[in-house]
Amino acid sequence: MPDWKPEILRRLAPLRLAPMREAEIAEEVAQHLEDRYRELLSAGETDDSAYRISLCELEGEDFLARGLRPVERELYREPLPPGKRSRNVFENILRDFHYALRTLGKSPGFTMVAVFTLALGIGVNSAVFSIFNWAALHMPAVLKPNQLATLAAQDIGGGWDNGFSYPDLVAIRNQSAAAFSDVAGAIIFTQDGLSADGNSTPVWTNYVTGNFFQTMGVKPALGNLIEPVEGKTVDDEPVLVLGYAFWKSRFGGATNVIGKSVLINGQPVTIIGVAPKGFHGVTSLIETQGYLPLGLAAVTCDAAKGFLADRKASLLTIVTRLKPDVSLASSQPMLHAIGLNLAAHDSTTDTWRTLRALAYGPMSPASNPQDDTVVGIVGALFLTLAGLVLILACLNVATVLLARASERQHEMAVRAAVGGARHRLIHQLLTESFVLSLGGCAGGIALGLATSRYLGSINVHMAVPLVLDFQFDWRVLAYAFGAAVLTTALVGIAPALRATRGGLNHLLRESVRTETPRTLRSRSALVVAQVAGSLMLLIVAGLFMRSLRNVEHANLGFDPHNVLNFDVDPHQAGYSKAQSWEFLQKVVERVRALPGVDKASFAETVPMGGVHHGTNLKIAGYSRPRGQGPYAGYNSVSSQYFETMRVRILRGRGFLDSDSQTTQRVAVINEAMAQEYWPNENPVGRRFSMASDPKDPVKIIGEVENSRVQHLTGAIEPFMYLSLAQSYHYREPVTLQLRTSLPLAAMNHEVAAAVHSLAPTMPIFDVQTMTTALDTTNGLLFFQMGAELAGCLGLLGLVLATVGSYGVVSYSASQRTREIGIRMALGAKEGDVLRLMLRQASLVVGAGIAVGILGAAAVAHLASHFLSGVSALDPITYLVASVLLAGIALLACYVPARRATRVDPMVALRYE
Amino acid sequence: METTVSEVEWKKGSAELLILSLVEARPRHGYEISKLIEQRSGGAVRFHVASLYPLLYRLERRGWIQGKWVEESGQRRRRYYRLTAAGRKVLASQRSRWQEFVAAINRIMEVEGA
C-alpha cells in the first residue's frame, strides 16, 4: 500500500501550519486518496495506474496549499506557545492573561491558597489604610477644603490654643480681608437638650456665626441654613438646623420637620433646615446633631452669658477661607502681625506670641501645628506593621512559586529553545503572579471592607457621637491596587527569573533535583526574611499588650469596679434650676436607701468621659515659674463622691450635705495641685479664686490622692473638685454614680424605678458601669485597639512565617533527597543527618531573629509614643518573642527534616 | 448570491450548495461527498482533493458544517461532516435563491429559443 503522507506533507509544508493541524489534514486527505486507490484497484486498474490516478487528485505541486492558505491562515491560530513573539503588545497581554488563567486553573489548590494568603495581606493593609484615610486623608464634605484653615494662637508660655473670643474673631475678620474671603466662628462640642413631641434627647450642637455655612461652602439637604443677616453682628433668631444623620435617626428623615417648633434647653426654636449628608460641622470626626445661631448661646447656655463682649470667653473655633491666590504660608506674616496687634491692644488677655492658620482636614480643628504629626506617626506605625504582614504573605506565595519555577524550568527551557524570547517568558510568568495578586486584591478588598465595617461598629462608650466612617473610597482602592502591583513584583520576579534561567543545554546537563549553592542561598534568605518580619510584628504586638496590661492595672486613684453610672438631665425635662436641684436631692436619697447600694453621689463629669472642665486660677503669692498662669481642671461633685469612687482623702474632709449655696465656697484639691501651688505646706484652709469669679474666694477643705481623670498615661495635672451644690450648672446633665455589692445589671431597674417614681417621664441615658466607661478614646480604647490590632497582625505574621518556613524547609529537604541518600549510604546515621539539617536551620533562623530584633527596635521607636510603662526596647518582650518564634520556626524545620531522614538510601538514589 | 457572477464565484457558490445539501440528511466523510457529487452528476461535476478539502474547511470555519473524527471498528478513523443549525438556515436560503436563479435563466432561454 503506498504511503500518501509524504506527498501530502510536502505540499502542505509552505503553509507552516501548526503541527497538530498539519497532521490532521494529512490524515484526512491520505484517507481520501487511500479510498480512491482501493476503488481503482477493485475496478481492475493496476497498482501503478491506480497510484498515478489517485495522486492526480492532489493536482499540481502547489494546488492544495493555494486552496488551503486563505482558509487555514484565519482558522487556526497557533495554540498559544507562550513566549512567542507576536504582532502587538495588546495581543501579548491578552494571550498572557489567557494562558495564566489556564495554568492557574490547572492547580486550583495552589491558586486558592495563594489568593487567600495574598487576600489576607492586602485585606489587612486596606483595612489599616482605610482607618488612616479616615483620620488623615479623606476630605470633609465641604467646598474646596484646601482653601479652608482653622486658627490657633500661641501664647507667651509656648502653649497652643484654638479657642478664641468673639471680640477676637471680629478683630481678626476686620484685619485679614487681604488674605481671607471669610472668617467664621463656632462654639463646638456643646451638649444641649432637645425636646420634641414630648421626648427629650441630648444633642451635640454647634453655635455658629451667620457666615459659617457660607464659609464652609455647603448647601442644605432640606430647607435653609443659617445665613448672614445684614446689619446684625450676631444673629439670635431662635432657629435650628439639624445634622443629616440626626434628622434621619430622630425625625425619620421626615420633610415636614421644616417649620416645626422644638425646645432647646427649654427655649423654643424653629427647625429651618437640614445640613447636607456627610457634613459634620467644623470637625468631621464628631457628628454635629444641630446648628444654632451664635447669639442664641447667650440664651440657652448659662456659661455663655455676656460672652459676645468678653475677650476672655475663648469659646469659639475660627474657620477661615483663604482667597484663591493665597496660601497658608503666604497668610502667615499677616496673621503674625494681627496676633501682635491684638495682644498690644488688650492687656487683659493672655499675651499672644503669634497666630497661625492650620490646614483644614479630617482632624480639624487642630490645637497646635504638631497635632498632625501624631496621626502621621500612628499611621506610619500601623501601615508598617500591615506592610510587614503583606510582605510575609508575599514571601509565602513566592516560596511556592519558586518551587514551581524549578519544576517549570524544563518547560521554560523547551519554550526558549523553540523561539520564546526570555523577556516574553518572564512577562508571561509575571502575568501569572499578577493574576494571583488581582485575585488577592479582590479578596483583600472584601476582607478589608468587612474588617473596617466591624471596627466602625465598635462601641466607643462615649457620649460624643464619633463618626467612625472608614470608607473604602478611591484612595483605599488605589492603595489596595498598589499593594497588588507591589505583590506581583515581590511574588513574581524571583521565580520568573529563576524559571527562565539557563538554556536547554544547561538544563539537560544539570539535574534539576540537585540543590545548587545559589538556590540554597535564596531559600535561606527567604526564611531569614520571614523569621525577621514575623519577629518584628510579634515584638511590637508584645509591647502593645504589655502596655495595655500596664494601663489596665495602673493605679487609677479610684476604684472603677462595682460602680454604675446613670446620666440624668432634669433640665431637659423642663425643670427650673431650683426644681432640678430639689429633684436630684430626692433621687440620691431614694437611691441611697435602696438595698445593696453602699454609696451614691452626683458628678458633673466622669473620668475618661471626654468632657472636661478647667479654669485659670488666682492664687495669692504664687509666681509663674513657667510663664503660665495657675490652672486646674475640675469636676463638680456632691457629698459621698470620694466614698463612692473610693478616692482616698489625705487631709481635711470631703463634701457634706451642709456645703450649700449659702455657705463658704469650698474645694477639695488633688496632690498634684497641692504640690504645684502650695509646695511643702498643708493646703487645707488656704484660699484661691477662679478667673471666672475673682470676687468669690474658694476655701480648700481637703486634699485627695491623685487620680486619673483625663488620660491614663502621662503626668497627673493639678485637679480640683468643687461642690456641686455650690456650682450646679443645671443646663448640663449630671451623672448619678453608685457603689453596690449587688450584680450591676440588677441595680439597673431598681434605680430606673426609683427615678421614675419621682418623675415618670425623666429620661435616663448612658447607663453603664464605670469599668465600661473607661473604654473611651481618652481611656483604654486606644490602648485596647492598638493592642488588638497589633496582636492580630502579630498572630497573622506568626502563622504566615510558620507556614512559610515549613514550606521552604520541606521543599528544600525534598530537593536534597539524593544528597541525604548518599550521606546515609556512606554511613551517616539518621541522627547525623537530622543534626546537620537542624544546624543549618538554626543558623538561618538565628540570622532571621537577629535581623528581626534590629527591625523591631526601629519600628518600636515609632510605637514608643503610645506605650505606657514599657520601654520600646523592653528586654522581656524581645526575649519572649524571640524564644517563642525560634521555637516555632525550628519546629517547622524539624518536621520536614525528620521526614527526609526516613528516606531509604536506595530509593533516594534511584529517584534520579 | 450576486447576480453578476464570474465563473469562479458561480462555481464556488454552487459547490457550497452541493456540499451542504449532501450532508443535510446525514453526516458524510470527504470521499463519500466527492463520490456522491460525481455519481449524481453522472460524472459531469467532479471535485479533486485539492479543491474539496479547502472548501470543507471553509464551510467548517463559517460554522455551517462540523467535522468530527469517527472511529469504526477495524478501519482507520474518518472525519465525518454534519450540517449545523446555522448551515441548515444557509442551505434553505441558498437553495431557494438557486431555484429562483435557475428559473430565471430558464425563462430567458425559453424566450430566446422561441
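Quick note: numbers below take in every heavy atom, side chains included, and nothing from hydrogens, waters or symmetry partners. Residue numbers begin at 1 in each chain, while the letters A, B, ... track the order of the sequences. The structure presented is a predicted model; accordingly, all values stated were derived computationally and were not measured.
The pair A/Glu27-B/Arg77 meets the salt-bridge criterion, with a side-chain N (NZ, NE, NH1 or NH2) lying under 4.0 Å from an Asp/Glu carboxylate O. With respect to B/Glu100 and B/Arg97, no salt bridge is recorded, no charged nitrogen being found less than 4.0 Å from a carboxylate O.
Ring planes of B/Tyr53 and A/His32: perpendicular class, angle over 60° (limits at 30 and 60°).
More than 12 heavy atoms of other residues, nucleotides or ligands sit less than 6.0 Å from atom CZ of A/Phe97.
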List, one per line, each side-chain donor-acceptor pair under 3.5 Å for residues 104-111 of chain A, sequence neighbours excluded.
| from | atom 1 | to | atom 2 | distance (Å) |
| --- | --- | --- | --- | --- |
| A/Ser107 | OG | A/Arg404 | NH1 | 3.1 |
| A/Thr111 | OG1 | A/Leu104 | O | 2.8 |
| A/Thr111 | OG1 | A/Ser107 | O | 2.8 |

Expected list for residues 18-30 of chain B: side-chain donor-acceptor pairs under 3.5 angstrom, two or more places apart:
| from | atom 1 | to | atom 2 | distance (Å) |
| --- | --- | --- | --- | --- |
| B/Ser21 | OG | B/Leu17 | O | 2.4 |
| B/Ser21 | OG | B/Leu18 | O | 3.3 |
| B/Glu24 | OE1 | B/Arg95 | NH2 | 2.9 |
| B/Arg26 | NH2 | B/Glu32 | OE2 | 2.8 |
| B/Arg28 | NE | B/Leu22 | O | 2.5 |
| B/Arg28 | NH1 | B/Glu32 | OE2 | 3.3 |
| B/His29 | ND1 | B/Glu32 | N | 3.4 |

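Put simply, the side chain of A/Ser437 does not reach to within 4.5 Å of the side chain of A/Val485, judged on heavy atoms. Put simply, the side chain of B/Ile33 does not reach to within 4.5 Å of the side chain of B/Phe47, judged on heavy atoms.
Near-neighbour residues of residues 33-48 of chain A relative to chain B, defined by a heavy atom under 4.5 Å from a heavy atom of that chain, comprise A/Leu33, A/Glu34, A/Asp35, A/Arg36, A/Glu39. Interface with chain A: from residues 81-90 of chain B, residues B/Tyr81 qualify, criterion being any non-hydrogen pair under 4.5 Å.
Taking the ring centre of B/Tyr57 as origin, the terminal cationic atom of A/Arg21 falls inside the region bounded by 6.0 Å and 45° from the ring axis.
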